[in-house]
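I have placed the structure first, in the form of structure tokens, so that the comments after it can refer back to it.
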Amino acid sequence: MKKIVLIVIIFLTISLMGCAAPDLEPSQAVVFGMDTVMTVTAYGKNSDQAVLLCETEVARLDALFSTTNDMSDVFILNRDGTHTVDDSTTELIEIANDISQKTNGDFDITIYPMVLAYGFTKGTYTVPNDQKVANLLESVGYQKITQDQNTVSLDDGVKIDLGAIAKGYLSDNLIEILKQHDVTSAMMSLGGNVAVLGEKPDGSLWRVGIEDPNNVEKYLAVAELSDSFVVTSGSYRRFFELNGKTYHHIIDPKTGRPADSGLLSVTVVSNNGALADALSTAFFVMGLDDALDAAKNFDGVEVVFVTDQQEIIATKGLEQKLFPVEDSGYSLEFIQ
Ligand code: AMP
Ligand code: MG
């Protein structure tokens, strides 16, 4: 099945690449990486070459950060407890730990043993009992990671998962590649992570939809933006049901349980992809009030919260940029 999907994707990529022409025709790639289908669309003279390099970068970072590929930096580090890793892995772990500090540990890449315990990686779901959660929480804590340049070491039992920040970091690198090739207009969608470069070729702003957590075919609101990273974390993106209860994939590192904060999704808009990705996860864990407080500590970060009370609450910086979709059934309020 995977093979067929891959063949279709490769075919699509080749045929879409073949369409590229110098004028306003985009160069486009559809690639599979980090467990998602990703699309990159770029306009301009060198965009063909830039998009090809983007594909290579997706494969490179996927091969470093995968938790399941036994050649990846993360796999070897989790297996051996210490490993000398690539510069990109070094940099990303540093960024992750810095954000953990600034979010009081609500973002924490050492959450991986909990993610495994619920079966999110394999799709064979279980709910660990309190004793198991308590035991596993002993190996959760970003302070249990030590870094000496490129050599990373983990305390006993500690395992990391870069899944909440890797796509954001990748989007930073892809935007950089596009800029280096003088692409001035581009947009990419990497599973919950959207990035836009410049404006649309016709000079208008890019329109990025905020998904309805109850129906991903629909949008609740649309953000009109240029040069931005827009990242959404939501309980609706991955979950399972057991005995009438829903368990989703964003775990509160303090309790070891899926975060229960009254939110259905959090979208962060920023000029930094890795930061936006990590913060959307952390803010989901924090809940509305704490997240609004925490957001003040990050320059240029705007947030859209979708609550389980059918409200969209967005920070004031988005007032001229975020527009509700009619008849969504949700109210929209700007605060702070
Ligand atoms: P995202 O969709 O970016 O919010 O990332 C969620 C993914 O990151 C989950 O599927 C887990 O693999 C991992 N994760 C879950 N909870 C956390 C957390 N509190 N901090 C960091 N990573 C997490
Ligand atoms: Mg994230």
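Residue numbers start at 1 and run along the sequence shown. Given the structure is predicted, the values throughout are model-derived calculations rather than measurements. One-based numbering, in listed order, for ligands and for the atoms of each.
Distance from atom 16 (N) of ligand 1 to its nearest protein heavy atom, with residue and atom name: I251 N, 3.0 Å. With hydrogens left out, the protein atom closest to atom 8 (O) of ligand 1 is A164 CB, 3.2 Å, a heavy atom. Nearest protein heavy-atom neighbour of atom 20 (N) of ligand 1: D108 N, 3.0 Å. Here the protein heavy atom with the shortest distance to atom 1 (P) of ligand 1 is T281 OG1, 3.4 Å. For atom 13 (C) of ligand 1, the nearest non-hydrogen atom of the protein is D161 OD2, 3.5 Å.
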Quick one, L332 with L322, criterion side-chain contact (heavy atoms from CB on, under 4.5 Å). Give me CA distance, side-chain angles, the key distance, then yes/no. CA-CA 9 Å; L332 171 60; L322 185 75; 4.0 Å; yes

Check step by step if salt bridge (Lys or Arg N to Asp or Glu O under 4.0 Å) holds for D130 and R257. CA-CA 10 Å; D130 289 347; R257 297 293 182 192; 2.8 Å; yes

Would you please test L154 and N78 for side-chain contact (heavy atoms from CB on, under 4.5 Å) and show each step? CA-CA 8 Å; L154 306 175; N78 285 343; 3.7 Å; yes

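For ligand 1 and S233, the ligand atoms under 4.0 Å from any heavy atom of the residue are 1 (P), 3 (O), 4 (O). Here is the list of ligand 1 atoms found below 4.0 Å of a heavy atom in D277: 3 (O).
Atom CZ of F305 and atom CG of L292 lie 4.5 Å apart (nearest 0.5 Å).
Residue contacts with ligand 1, taken as heavy atom pairs separated by less than 4.0 Å, involve D106 solely via the backbone atoms N, CA, C and O. Residue contacts with ligand 1, taken as heavy atom pairs separated by less than 4.0 Å, involve V115 solely via side-chain atoms from C-beta onward. Residue contacts with ligand 1, taken as heavy atom pairs separated by less than 4.0 Å, involve R238 solely via side-chain atoms from C-beta onward.
With T232, I111, I109, T121 as candidates, the residue nearest to atom 23 (C) of ligand 1 on a non-hydrogen basis is I111. Across H249, M286, K167, K254, heavy-atom proximity to atom 7 (C) of ligand 1 is greatest for H249.
The environment of NZ in K122 is sparse: at most 12 heavy-atom neighbours from other residues, nucleotides or ligands sit within 6.0 Å. By the 6.0 Å contact criterion, CG on D155 is enclosed, its count of non-hydrogen atoms from other residues, nucleotides or ligands being greater than 12.
Among the atoms of G192, no N, O or S atom falls under 2.8 Å of the Mg ion (ligand 2). At least one N/O/S atom of T281, whether from backbone or side chain, sits less than 2.8 Å from the Mg ion (ligand 2).
Of the candidates F240, Y112, F239, F240 is the only one forming a ring pair (Phe, Tyr, Trp, His ring centres under 6.0 Å) with F120. Screening L174, N173, V40 against V58 for a side chain to side chain contact (heavy atoms under 4.5 Å, CB included) leaves a single residue, L174.
In the model, E211 has a side-chain atom that pairs as donor or acceptor with a side-chain atom of Y236 under 3.5 Å. No side-chain donor-acceptor contact under 3.5 Å links R237 and S265.
Nearest heavy-atom pair across S139 and V158 is O-CG2, 3.5 Å.
Angle O (A164) to the Mg ion (ligand 2) to OD1 (D277): 80°, rounded to 10°.
Within the 4.0 Å heavy-atom shell around ligand 1 one finds F107. For the pair P253 and ligand 1, a heavy-atom separation below 4.0 Å is found.
Considering backbone and side-chain N/O atoms, S280 never comes within less than 3.5 Å of an N/O atom of ligand 1.
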